[in-house]
Amino acid sequence: FAGLTVARNRVWNDELALWKDTVEKTPASWSTHYGYGDALRRETERRLDRAQLLKARGDGASARTDFTHAVKMLHDGVEQYTLTLLYRPDHIDSLLNRGICHAMITQTGGGSPEAALAAADFARVLELEPRNTKALNNVGNLALIRGDRTAARDRYTQVTSIDPRNLNAHINLGSLYYNNRDRENAF
């Protein structure tokens, strides 16, 4: 029994291993695919942050390794959210998070096909919930990735008019103004 306990503890101590194990044991559950997708997305964010830090410290080889693993995890996350959507086609959070993964792939060099997929996911969310501030904010982020600052500003402003306390939209709007040297509106 001790060997089994040690093996299970390894799974329970690692969020990715836990969710992967859960998906393998219950592959027909939408919630396990969603949970695994979220775990992959969170780990991707950590790895991309770490890759930037390693690169800044001059450890390019380790940075490239983390970056490569992060991009693979983004694709795996997209797959898990897609499986979730097979069971629950209008699951808002799966659409949002799959769109975020596509957008992150775009930023890591995935190009316009991924941006188009992200835009489609956010558009679907807005069909279901026209005032969804997370989707609107992400549409603004995609506009900024494309270089369309006016469209980005319009989406961020729309979010703040719907939810004046939305910190992400205020930060994005302030950054946009600051980077456009509009210091008066930036603060």
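Keep in mind the model is a prediction, meaning the values are calculated, not measured.
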**Request:** Kindly compute the distance separating NE2 (H91) from CG (L96), expressed to the nearest 0.5 Å.
**Result:** 10.0 Å

**Request:** Could you state whether I92 and I162 fall into the same hydrophobic cluster, counting links through intermediate Ile, Leu, Val, Met, Phe, Trp or Tyr residues with side-chain heavy atoms under 4.5 angstrom apart?
**Result:** yes

**Message:** Just verifying a value: how many Å separate L173 CG and Q158 CD, rounded to the nearest 0.5 Å?
**Reply:** 12.5 Å

**From NE2 (H102) to NE2 (H75), nearest 0.5 Å** = 9.0 Å

**Fill in**
By side chain to side chain contact (heavy atoms under 4.5 Å, CB included), D59 pairs with (sequence neighbours left out) L54, A61, S62

**Prompt:** With S29, which residues qualify under side chain to side chain contact (heavy atoms under 4.5 Å, CB included), at least two apart?
**Reply:** T26, S31, T32

**Message:** Is it the case that atom CZ in R88 sees more than 12 heavy atoms from other parts of the structure closer than 6.0 Å?
**Reply:** yes

**Prompt:** How close do A152 and G140 get, heavy atom to heavy atom, and via which atoms?
**Reply:** CB-O, 3.4 Å

**Asked** Do you know which two heavy atoms are closest between L95 and P89, and how far apart they sit?
**Response** CD1-O, 4.2 Å

**Asked** Applying salt bridge (Lys or Arg N to Asp or Glu O under 4.0 Å), which residue pairs with at least one partner in residues 97-107 are found, sequence neighbours left out?
**Response** R98-D121

**Request:** Work out which heavy atom in D66 is nearest to a heavy atom in A51; give both atom names and the distance.
**Result:** CB-CB, 3.9 Å

**Message:** Tell me every residue that passes salt bridge (charged side-chain N to carboxylate O under 4.0 Å, His left out) with D76, counting only those two or more places apart in sequence or in another chain.
**Reply:** K72

**Asked** If Ile, Leu, Val, Met, Phe, Trp and Tyr residues are connected whenever their side-chain heavy atoms lie under 4.5 Å apart, and connections chain through other members, are L83 and V23 in the same group?
**Response** no

**Item:** Over all atoms of both residues, closest heavy-atom pair of L40 and G77
**Value:** CD1-N, 3.7 Å

**Asked** Are L128 and I100 connected, step by step, through hydrophobic side chains (Ile, Leu, Val, Met, Phe, Trp, Tyr) whose heavy atoms are closer than 4.5 Å?
**Response** yes

**Request:** For R146, check salt bridge (charged side-chain N to carboxylate O under 4.0 Å, His left out) against everything at least two apart and list the hits.
**Result:** D148

**Message:** Using 0.5 Å steps for rounding, measure from the OG1 atom of T84 to the CD atom of E79.
**Reply:** 10.5 Å

**Item:** Shared-cluster residues of L117, by chain and number - hydrophobic side chains joined below 4.5 Å
**Value:** none

**Any residue meeting side chain to side chain contact (heavy atoms under 4.5 Å, CB included) with V139, in chain and number order, not counting sequence neighbours** = F122, L126, R155

**Request:** Assess whether side chain to side chain contact (heavy atoms under 4.5 Å, CB included) is satisfied between R46 and E43, documenting all intermediate values.
**Result:** CA-CA 5 Å; R46 284 190 287 273; E43 182 61 23; 3.1 Å; yes

**Prompt:** Rest of the hydrophobic cluster containing Y81 (Ile/Leu/Val/Met/Phe/Trp/Tyr, side-chain heavy atoms under 4.5 Å)?
**Reply:** W30, Y34, Y87

**Prompt:** Does the side chain of L176 reach to within under 4.5 Å of the side chain of N172, using non-hydrogen atoms?
**Reply:** no

**Message:** Could you check whether R42 pairs with E45 (Lys NZ or Arg NE/NH1/NH2 to Asp/Glu carboxylate O, under 4.0 Å)?
**Reply:** no

**Request:** For residues Q80 and R41, determine if any side-chain heavy atom of one lies less than 4.5 Å from a side-chain heavy atom of the other.
**Result:** no

**Prompt:** What is the distance from atom OG of S161 to atom CZ of R131, rounded to the nearest 0.5 Å?
**Reply:** 7.0 Å

**Asked** Would you say T22 and Y36 make side-chain contact, with heavy atoms under 4.5 Å?
**Response** no

**Complete:** dist N168:CG -> H170:NE2 (nearest 0.5 Å) comes out at 10.5 Å

**Request:** Would you check if there is a donor-acceptor pair between the side chains of N141 and Y156 at a distance under 3.5 Å?
**Result:** yes

**Request:** With sequence neighbours left out, write down each residue that passes salt bridge (charged side-chain N to carboxylate O under 4.0 Å, His left out) with R153, or none if nothing qualifies.
**Result:** none

**Message:** Do I171 and L136 sit in one hydrophobic cluster, given that two such residues count as connected whenever their side-chain heavy atoms are within less than 4.5 Å of each other, even indirectly?
**Reply:** no

**Item:** Nearest atoms (heavy-atom pairs only) where T106 meets A115
**Value:** OG1-N, 3.0 Å

**Asked** Is there a donor-acceptor pair under 3.5 Å between the side chain of N138 and the backbone N or O of K134?
**Response** yes

**Request:** Could you pull out all residues at least two apart from R124 that satisfy side-chain hydrogen bond (donor to acceptor under 3.5 Å, both in side chains)?
**Result:** D90, E127

**Fill in**
Closest non-hydrogen contact found for H33 with P27 is NE2-O, 2.7 Å

**Complete:** For R64, the side-chain hydrogen bond (donor to acceptor under 3.5 Å, both in side chains) test, sequence neighbours excluded, returns none

**Message:** Going by side chain to side chain contact (heavy atoms under 4.5 Å, CB included), name the residues that satisfy it together with A70, two or more places apart in sequence or in a different chain.
**Reply:** T44, R47, L48

